[in-house]
Amino acid sequence: MAAGGGLRGALETMLADKGVYRSPQALGPAYEHPEQLTDDSIERYLRPLVKSEQRTRDLQRFLAAFDNKHTLAIEANLRGCKRRHSSSGAPTMCTST
């Protein structure tokens with residue numbers, strides 16, 4: 001989406017309809033309880049990113065710099081951590097050797 005030039009439109013859509021931001025197709029999975037996220041918080045997170053074309057381009061460049069190969073390499077470890085610690089709610093750091 002960001003690489004295809006649709007980032008600004010996606011941000012504006014989430015600002016116009018905060019339910020989109022909270023949805024599983026957007027940023028909802030980043031939160032344990034996305035339904036508890038206030039509209040004001042979403043405004044504070046996203047509004048600065050569409051304040052100017054430059055800010056949106058900066059975010060686009062930031063997103064393009066990510067490489068998820070490291071996360072994919074430890075995906076099984078991360079899933080195991082979630083199973084082992086889901087009842088305690090304790091933060092978990094998984095490391096690979």
Side-chain angles (χ1 to χ4, degrees):
M1 175 227 6
L7 181 59
R8 185 174 191 86
L11 294 170
E12 289 173 349
T13 297
M14 289 186 278
L15 282 164
D17 181 354
K18 307 306 188 289
V20 172
Y21 181 97
R22 295 179 188 99
S23 74
Q25 294 76 28
L27 293 169
Y31 299 90
E32 186 173 4
H33 299 287
E35 71 282 357
Q36 294 177 5
L37 188 64
T38 67
D39 287 357
D40 184 57
S41 292
I42 295 169
E43 281 286 332
R44 289 173 189 252
Y45 297 155
L46 297 185
R47 187 62 61 192
L49 302 173
V50 296
K51 191 171 184 175
S52 71
E53 288 294 328
Q54 183 61 49
R55 287 188 181 191
T56 306
R57 279 193 305 273
D58 289 345
L59 175 61
Q60 188 167 351
R61 282 191 359 259
F62 176 76
L63 294 172
F66 277 99
D67 185 345
N68 69 346
K69 70 180 177 184
H70 304 293
T71 306
L72 291 173
I74 64 165
E75 179 180 11
N77 291 350
L78 293 172
R79 291 188 187 282
C81 290
K82 184 176 180 180
R83 281 192 299 277
R84 287 190 299 275
H85 299 287
S86 62
S87 62
S88 69
T92 303
M93 182 171 82
C94 295
T95 59
S96 60
T97 56

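Just so it is clear, the structure is predicted and the values come from calculations on it, not from any experiment.
Note that CG of Leu59 and CG of Leu11 are 6.0 Å apart. Values are rounded to the nearest 0.5 Å. Interatomic distance, Leu46 CG to Leu15 CG, rounded to the nearest 0.5 Å: 4.5 Å.
Here the shortest heavy-atom pairing between Leu7 and Thr56 reads CD2-O, 3.9 Å. Listed here is the closest heavy atom pair of Pro29 and Pro24: CG-O, 3.5 Å. Of all non-hydrogen atoms in Ser52 and Arg8, the two that sit nearest each other are O-NH1, 3.6 Å.
Taking the charged nitrogens against the carboxylate oxygens, Asp39 and Arg22 do have a contact shorter than 4.0 Å, which makes a salt bridge. The existence of a salt bridge linking Asp58 and Arg55 is excluded, since no basic side-chain nitrogen approaches an acidic carboxylate oxygen closer than 4.0 Å.
The aromatic rings of Tyr31 and Tyr45 lie parallel to each other, their planes meeting at an angle below 30°, with 60° marking the opposite boundary.
Residues Arg57 and Gln54 have side chains that bring a donor and an acceptor to within less than 3.5 angstrom of each other.
Around the CD atom of Glu32, the shell of radius 6.0 Å holds no more than 12 heavy atoms that belong to other residues, nucleotides or ligands.
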Show me the donor-acceptor pairs within less than 3.5 Å that the side chains of residues 62-75 make with the rest of the protein, sequence neighbours left out.
{"from": "Asp67", "atom 1": "OD1", "to": "Lys69", "atom 2": "N", "distance (Å)": "3.0"}
{"from": "Glu75", "atom 1": "OE2", "to": "Arg79", "atom 2": "NE", "distance (Å)": "3.2"}
{"from": "Glu75", "atom 1": "OE2", "to": "Arg79", "atom 2": "NH2", "distance (Å)": "2.9"}

